[in-house]
Amino acid sequence: MSKKRKLPGGVDVVKVGDKIISLDGYLSKKSKPATKEEASTSTDTAQPAPSTTGSNGTGNEAKQKERDGTSKPLAKKPLNPSRWQKPRGTSGDGSGEYLKSRRELPLWNYQDEIRRVLRERDVLVVVGETGSGKSTQVPQFLYCEDWCQRRKVEVDDKEVFVGGMIAITQPRRVAATTLAYRVSREMGTPLNAQKNGGDSGSPALGNHQRGLVGYSVRFDHQVPRGTRVKFVTEGMLLQDLLRDPNLRQYSAIIIDEIHERSVDVDLLSGFLKQVLSGDKAGRGGVPLKVIIMSATADIGGIRRFFSDARDEETAIPSGESETESTHSGVEVLKIEGRQYPVDIIYSPKAVPDLQEALLKTIFKIHLHEPLPGDILAFLTGQEEIESVQKLIEEYAATLASNMPKVKVFPLFGQLSIEAQHEAFKPVKAAFTRKIVLATNIAETSVTVPGIRYVVDCGKAKVKEFRSRLGMESLLAKAISKSSATQRAGRAGRESAGKCYRLYTEETFDGLQPTDLPEILRNDVLGAVLTMKARGIDDVLSFPLMDRPSIESLEKALIHLHFLGAISGDGTITEMGRKMAFFPVSAPLGRVLLAAADPRYDCVLEVIDIIACITAGDDIFHQLQTEEVKEEVEEYRKELYRREGDLLTYLTTMQHYAAENSDRVGWCRQRRINVRNMRQAMNIRRQLRGLCMREKMLAEAPPPDPQPFAPIPPSQAETVVKCFMKGFALKTAMLAPDSSYITAHGKHVVAIHPSSVLHGQKKEAIMFLDHVFTQKNYAKKVSVIQANWIAEAFEED
DNA sequence: GAGCACTGC
């Protein structure tokens with residue numbers, strides 16, 4: 001019958017930074033070589049090729065690969081020793097132990113081709129499926145190339161150095177840091193893991209040592225002297241661009257995971273395209289190489305975008321079958337991945353009740369499929385996960401005693417790190433199947449080990465910005481084909497698996513091929529300010545892979561003008577430059593600048609509040625049961641302020657900073673998110689430093705801990721007025737029928753239940769967030785006076 | 001009476 005699960009003991013997941021990462025096949029030398037995908041963030045499996053039978057490609061494609069012998073991670077390929085050259089410049093010792101696993105990566109055999117293409121041209125697109133090793137190997141293949149060496153050139157009659165380093169961008173911090181550790185070991189100059197002492201120490205700088213590999217993410221920089229390969233977050237490279245529009249320290253930029261299409265990666269792509277097609281005078285004639293890497297083959301638009309950036313005449317016909325050269329001249333290299341086959345099982349007809357279908361499917365798997373083999377179900381949100389968990393547990397209790405048991409784990413972003421951790425551990429009890437109920441967090445951000453069955457409800461909650469209404473919505477929508485493929489792939493990471501789709505094949509065929517890029521879903525206010533601050537005068541003609549509507553760009557320009565970031569003719573103002581320089585949103589940047597105005601003079605208070613509201617989701621955990629609520633509210637009482645949420649955050653930060661013995665215990669007692677509070681302290685320290693440098697603070701703030709002293713009401717009023725400088729458009733007045741009507745747009749809004757002002761009626765309110773979910777909600781709310789609204793619209 | 005996921009010199 002079923003035997004006890006055999007899993008690597010204890011070390012298959014590890015916490016790095018804020019994230020829990022599967023290290024399966026990463027630490028153990030005898031298991032398959034790790035790639036970034038396996039180590040942390042996974043990426044899409046390739047888009048299925050259009051199939052004439054209409055069936056989904058994942059299974060077929062994987063089966064094809066199995067026949068080719070390429071889908072088995074442990075399959076030994078005949079190795080050709082002449083293909084292997086040890087990279088020059090490595091110390092040798094460290095890389096040797098990784099060599100064997102590196103040589104087994106699908107990408108290994110493409111290294112000559114990759115080098116050849118980049119010697120001849122400036123742009124290369126690499127499509128590498130999960131496990132191809134592209135993120136770890138491509139920079140190693142390139143850094144010894146002649147074009148990748150630093151050289152002295154003349155720019156504007158001055159001698160400067162250009163190039164020498166490769167930057168490789170990642171959408172997430174955790175991916176950037178784990179990849180850097182991995183590659184530094186492979187290259188024989190390991191980075192020292194430094195424990196950044198939470199919120200008490202200063203950020204690790206770690207540039208005392210020498211080495212070839214480094215990383216740079218917010219609050220955490222490890223860039224050894226002599227670094228040639230630097231892993232960075234996308235936002236970090238954008239910030240580099242602010243100081244150095246020509247990216248002079250780099251010989252190449254590798255954009256990884258471009259298929260995720262964050263706003264930052266879209267902006268970076270635009271700037272890189274400009275550098276590629278510019279005259280290179282700012283780089284002393286030294287070209288910048290750009291390598292675009294995607295996990296999905298659906299990159300037509302991306303390739304077209306970069307094709308236009310280069311000279312048509314240099315197009316070189318490709319002799320290799322693996323590379324595609326088109327008339328437009330950008331070569332695309334496709335690398336097979338390593339994925340076990342996954343059978344796709346569609347629902348034969350549309351399901352009327354998703355929850356019922358989900359329960360039936362889960363128990364069908366549980367009662368008919370052998371152990372071991374855990375189940376991962378994709379749902380839309382916390383509420384749904386919790387109700388399904390209850391139903392599963394109730395039904396499981398009725399099963400006969402000779403049936404396998406189940407253990408259910410919820411998995412969503414707002415869960416504490418400990419609770420998330422539970423979902424990654426193998427279940428200890430014998431004869432038990434693990435069922436993980438997850439949001440989209442399990443699609444890209446984390447990898448749950450042991451999964452053999454995936455159940456996909458076909459939906460996900462997405463945030464969208466309605467520029468016409470000036471508000472966001474967060475609603476469940478149908479996922480894309482790419483997303484469905486990615487979800488299915490989660491069943492085939494350790495062995496062959498099955499994916500049950502709770503929708504029909506026809507429904508799948510009708511899905512959008514890819515998700516809407518973020519730049520088409522978000523407020524473009526920040527993106528436009530980013531462009532303006534980097535010298536883009538005409539934002540309407542800035543090259544973007546997907547262009548937001550003119551209307552939304554215009555709305556953003558008007559908003560920026562209102563905030564004082566651009567002048568009447570659209571040029572950036574001094575204030576706008578400063579706003580772009582701060583790592584906060586444009587309206588919050590405006591608030592920070594107002595706080596430094598002698599009329600307000602509350603920089604430290606505003607920093608404390610901004611730190612709390614930008615440290616992730618709400619620092620206050622929601623209170624589930626009445627008992628917990630009663631107990632916790634007693635402790636929280638001293639934090640809550642009648643003026644609203646902003647002053648409540650300030651009071652919380654001040655109490656937290658004053659607490660010097662047991663901050664974790666202090667947070668636990670008040671059900672405050674420890675992780676976010678630490679992050680808030682990091683942000684607070686960073687913003688204080690920036691404000692000192694910008695001379696917005698006359699003197700250095702007193703060191704913690706300072707005794708807690710409540711802010712007097714008059715000063716509290718000043719702080720709220722300061723926020724009005726950034727959020728005057730997000731205000732509402734109480735109507736005779738007791739509803740709140742927004743000043744701008746005249747919509748009805750309700751105060752969100754998470755607000756301390758929920759259920760209260762005040763003359764007027766200001767709020768920082770405006771989101772439609774169940775209702776039109778105002779979040780992060782403060783009490784204001786009606787006449788402040790008019791005041792805030794007055795010119796300085 | 002309610003909470004998709006990331007991220008910033």
Side-chain angles (χ1 to χ4, degrees), chain A residues 17-19 40-41 169-176 203 205 216-221 223 232-244 257 260-265 267-268 378-386 411-415 438-446 457 459-464 472-477 479 483 515 518 521-522 526 529-530 533 578-586 588-589 610 614-618 620-624 626 629 673 679 682-683 686-687 689-690 693-694 750-755 758-759 769 771 773-775 777-779:
Chain A
D18 293 343
K19 281 289 164 301
S40 57
T41 65
T169 69
Q170 293 296 323
R172 280 169 290 281
R173 291 163 55 97
V174 64
L205 289 171
S216 191
V217 301
R218 194 184 190 188
F219 310 128
D220 194 2
H221 308 270
V223 186
V232 296
T233 45
E234 293 157 354
M236 209 54 141
L237 194 62
L238 270 181
Q239 214 63 33
D240 271 352
L241 218 40
L242 201 55
R243 286 192 310 265
D244 178 14
E257 314 281 20
E260 291 194 21
R261 296 295 304 275
S262 65
V263 174
D264 283 356
V265 99
L267 292 173
L268 273 179
F378 284 98
L379 288 87
T380 59
Q382 178 180 347
E383 208 172 5
E384 203 184 6
I385 287 171
E386 281 164 354
L411 183 60
F412 46 89
Q414 274 290 80
L415 272 183
T439 60
N440 252 0
I441 192 170
E443 196 180 301
T444 49
S445 303
V446 293
C457 77
K459 288 188 161 67
K461 279 191 188 170
V462 280
K463 204 170 239 180
E464 284 186 333
E472 291 176 315
S473 64
L474 179 63
L475 300 167
K477 289 194 143 193
I479 60 172
S483 191
D515 290 306
E518 207 185 14
R521 291 187 288 113
N522 260 25
L529 181 61
T530 298
K578 285 183 179 167
M579 284 160 66
F581 164 83
F582 283 111
V584 298
S585 72
L588 288 176
I610 291 177
T614 57
D617 286 315
D618 204 344
F620 292 104
H621 279 127
Q622 44 182 314
L623 306 176
Q624 305 284 6
E626 279 304 310
K629 203 177 154 177
N673 188 318
Q679 174 77 349
N682 279 329
I683 296 169
Q686 185 188 31
L687 291 179
L690 292 173
R693 206 198 294 178
E694 290 295 303
I751 296 178
H752 194 270
S754 63
S755 170
H758 175 70
D769 293 335
V771 187
T773 49
Q774 309 272 314
K775 272 199 239 181
Y777 278 118
K779 300 169 90 171

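Convention: sequence-line order gives letters A, B, ...; per-chain numbering from 1.
- Rounded to the nearest 0.5 Å, atoms CD (A:E234) and CG (A:L268) are 6.5 Å apart.
- When each of B:dT7, B:dA5, B:dC4 is scored by its nearest atom to the side-chain atoms of A:R173, the top-ranked nucleotide is B:dT7.
- A straight line from CD1 of A:I751 to P of B:dA2 spans 14 Å, rounded to a whole angstrom.
- In this structure, A:T233 reaches the B:dG8 phosphate: one of its side-chain N or O atoms is under 4.0 Å from OP1 or OP2.
- Shown here are the side chain to side chain contact (heavy atoms under 4.5 Å, CB included) partners of A:Q239, two or more places apart in sequence or in another chain: A:L242, A:R534.
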Report task. Give the intermediate values and the outcome of side-chain contact (heavy atoms from CB on, under 4.5 Å) for residues A:L687 and A:V584. Result -> CA-CA 9 Å; A:L687 291 179; A:V584 298; 4.2 Å; yes
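- Between A:I610 atom CD1 and B:dG8 atom C1' the separation is 13 Å, expressed in whole Å.
- As a whole-Å value, the separation of A:D220 CG from B:dG8 P is 10 Å.
- As rounded to whole Å, 9 Å separates atom P of B:dC4 from atom CD of A:Q414.
- Of the candidates B:dG1, B:dA5, B:dC4, B:dA5 carries the atom nearest the A:I441 side chain, counting heavy atoms from C-beta on.
- For A:N522 and B:dC4, the CG to C1' distance is 13 Å, given to the nearest whole Å.
- Across all strands, A:Q686 comes closer than 4.0 Å only to sugar-phosphate atoms, never to a base (heavy-atom distances).
- With rounding to the nearest 0.5 angstrom, the CZ atom of A:R218 is 6.5 Å from the CD atom of A:Q679.
- When the nearest nucleotides of DNA chain B are assigned to A:L411 and A:P583 by heavy-atom distance, the more 5′-ward of the two goes with A:L411.
- Across all strands shown, A:E234 has no heavy atoms under 4.0 Å from either base or sugar-phosphate atoms.
- Atom CD in A:Q239 sits about 10 Å away from atom P in B:dG8, given to the nearest Å.
- In the set B:dA5, B:dG1, B:dA2, B:dA2 carries the atom at the smallest distance from any side-chain atom of A:H752.
- The residue A:S262 sits apart from the nucleic acid: no heavy atom pair falls under 4.0 Å.
- Between the C1' atom of B:dT7 and the CD atom of A:Q170 lies a distance of 13 Å, rounded to the nearest Å.
- Qualifying side chain to side chain contact (heavy atoms under 4.5 Å, CB included) partners for A:A442, counting only residues two or more places apart in sequence or in other chains: A:L376, A:F378, A:L411, A:A438.
- Following rounding to the nearest Å, A:K775 (NZ) and B:dG1 (P) show an atom-to-atom distance of 7 Å.
- A:E260 and A:T444 share no side-chain donor-acceptor pair at under 3.5 Å.
- For the pair A:M579 and A:K463, both in contact range of DNA chain B, the more 5′-proximal nearest nucleotide belongs to A:K463.
- Listed candidates were B:dG1, B:dA5, B:dT7. Nearest to the side chain of A:T439 is B:dA5.
- Base engagement by A:V584 is indicated by at least one non-hydrogen atom pair under 4.0 Å involving a base atom.
- At a threshold of 4.0 angstrom between heavy atoms, the contacts of A:I683 with the nucleic acid are absent.
- One N or O donor and one acceptor, one from the side chain of A:K629 and one from the base of B:dG1, sit under 3.5 Å apart.
- In this structure, of B:dG1, B:dC4, B:dA5, it is B:dG1 that holds the atom nearest to the side chain of A:P753.
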